[in-house]
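Okay, so here's the structure we're looking at.
As the structure lists them, so they are numbered: ligands from 1, and atoms in each ligand from 1.
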Amino acid sequence: MDRPSVLLAVTDDLEVYRPALKIAGFDVFEPGAEAHAPTLAIIDCDLDPERFAQVRAALRASGGAPTLLLLGDRLPELGEAEMRDDIAVKPLPPDALVYRLQAMLIRAGRSLPAESGSWADEQAQTQTIGEGHVVSVFAPKGGVGKTTISVNLAVALREQTRSRVLLFDADVGVGNITAILDAPATMGLADLADSPPEEWTDAAFEHLTSTHAQSGLRVLTWGTDPGDSERVSVDLLLAALRWARSQHAWVIVDNHPGYADRTMAMLTLANEILLVVTPEMGSVRNSAQFLDLARQLGLADVTRVVVNRANHGISVADIGKALGMPVAATIVSNGPKAVIAANEGKPVITKFPKEKLATDLHQLARVVTRQPTQEAALTRRSWLPRFASRSSNA
Ligand SMILES: Nc1ncnc2c1ncn2[C@@H]1O[C@H](COP(=O)(O)OP(=O)(O)OP(=O)(O)O)[C@@H](O)[C@H]1O
Ligand SMILES: [Mg+2]
């Protein structure tokens, strides 16, 4: 099967996208030059209106494709069809564009192209991706409570929904979920790292997965030996995430802090990102920087802010103001209980179910299950009035 193809219809100044897309493994077509319907399309709203309309009509006639609209200074006439498109506000750096397209490919049920340009094998190509919901727990800064939240959120989702839930430790090299959750995970992705991608099968991932007996939560880790960490590639993590999504209703990913490629991949492909903030200047500042980046990458609409240890320091209202985003959930600070539970390998919510710490964590799970997709779609649509007012001020 062919590599994924992208119809690139942009103004001349954005031709810089072409080499970036090729390196990322996409075939790039000019409008009118495509032999068949492209896999994806990128259309620049700053094209002149006639050209914009022509490109849209030709794309529709060829069968259509998931489209990324690049918004600049001009707001073209948009119909119902455009309201379903993905939107990115210019300027958009080439690597951000590539991440957006990769996320669109995954949502369309396609595999990612290999960077070398040697497009993945037939089996990977035809594999459809399941409907599981991926929640990536993230903070740019270490030590804010990501792992505590990931573990307890996963167990709470399992208790509340009784569906298949996977806790995925993607904090490669450092994370050790089994230090605070008594799950018999003796193997991890590092054990597959030396196998070729055709051996990254469903059965192989299943073999690496263990079950937390008390809750029925399933657990997949990157491994245990920091010496293995370099061998756990982005591709292996993505393959594991695709498998995880196809086999579970909920996948909770505990991430490494910061912006390394592995973490960015886990964020780009998440249905929802929980940004964990603590009420301190450093954490709030780092989180604001992340949200700037998330807006550029088109990830802000799927990001929700969770304030951990919310009863100390900067107020929740001030954190929401500083971040320009409402706080979706708060979790009270309770060091003694968090430590006792962790030391016993038990989730706080089962060890101390009556504590506010536990009820807050359960409430976070309820926030996550409240139809985020619908809310995200509504938020996405709200770009239009915002943009219209920006453009009328210009
Ligand atoms: N709400 C809370 N109240 C009290 N202590 C907490 C709370 N949340 C987390 N902690 C404690 O804070 C410490 C750091 O938490 P955790 O390991 O979950 O953070 P992290 O963001 O995953 O860190 P890292 O970046 O190192 O992976 C742990 O000792 C944990 O028990
Ligand atoms: Mg952690």
I want to know if ligand 1 touches [X] in the polar sense, i.e. an N/O pair below 3.5 angstrom.
X	result
G143	yes
I331	no
G142	no
K141	no
K146	yes

> From the Mg ion (ligand 2) out to just under 2.8 Å, does an N/O/S atom of T147 turn up?
Replying inline: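 True for T147.
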> Any side-chain donor paired with an acceptor under 3.5 Å for T11 and D46?
Replying inline: no
>> Under 3.5 Å, is there a donor on one side chain and an acceptor on the other for D235 and S233?
In response: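 Note: D235 and S233 side chains miss the donor-acceptor criterion.
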Look up atom [atom1] in [X] and atom [atom2] in [Y], then write down how far apart they are to the nearest 0.5 Å.
X	Y	atom1	atom2	value
E159	T350	CD	OG1	6.5 Å
N311	I331	CG	CD1	11.0 Å
I42	D86	CD1	CG	11.0 Å
D85	T67	CG	OG1	4.5 Å
T221	M187	OG1	CE	10.0 Å
R18	I23	CZ	CD1	13.0 Å

Provide the number and element of each atom of ligand 1 under 4.0 Å from a heavy atom of [X].
X	value
A338	5 (N), 6 (C), 31 (O)
N308	1 (N), 2 (C), 7 (C), 8 (N), 9 (C)
L357	1 (N)
D171	27 (O)
S333	1 (N), 3 (N), 4 (C)
T147	18 (O), 20 (P), 22 (O), 27 (O)

Considering non-hydrogen atoms only, spot the tightest contact between [X] and [Y] and give its length.
X	Y	value
S333	H312	CB-CD2, 3.6 Å
E198	T201	O-CG2, 3.5 Å
I252	V137	CG2-CG2, 4.1 Å

>> Which label fits F138 and F290: parallel for a plane angle under 30°, tilted from 30 to 60°, or perpendicular past 60°?
In response: tilted
> At a 4.0 Å cut-off, with the gap strictly under it, does some heavy atom of A139 reach an atom of ligand 1?
Replying inline: no
> Is the closest heavy-atom distance from V332 to ligand 1 below 4.0 Å?
Replying inline: yes
> At under 4.0 Å between heavy atoms, which part of P257 makes contact with ligand 1: side chain, backbone, both or neither?
Replying inline: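 Side chain only.
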Nearest-contact summary for [atom] - protein heavy atom, Å:
atom	answer
atom 19 (O) of ligand 1	G145 N, 2.9 Å
atom 3 (N) of ligand 1	N334 N, 2.8 Å
atom 5 (N) of ligand 1	R309 NH2, 3.4 Å

>> Regarding atom 9 (C) of ligand 1: of the candidates V307, T148, V151, which has the closest heavy atom?
In response: T148
>> Strictly inside 4.0 angstrom of atom 30 (C) of ligand 1, do you find any protein heavy atom?
In response: yes
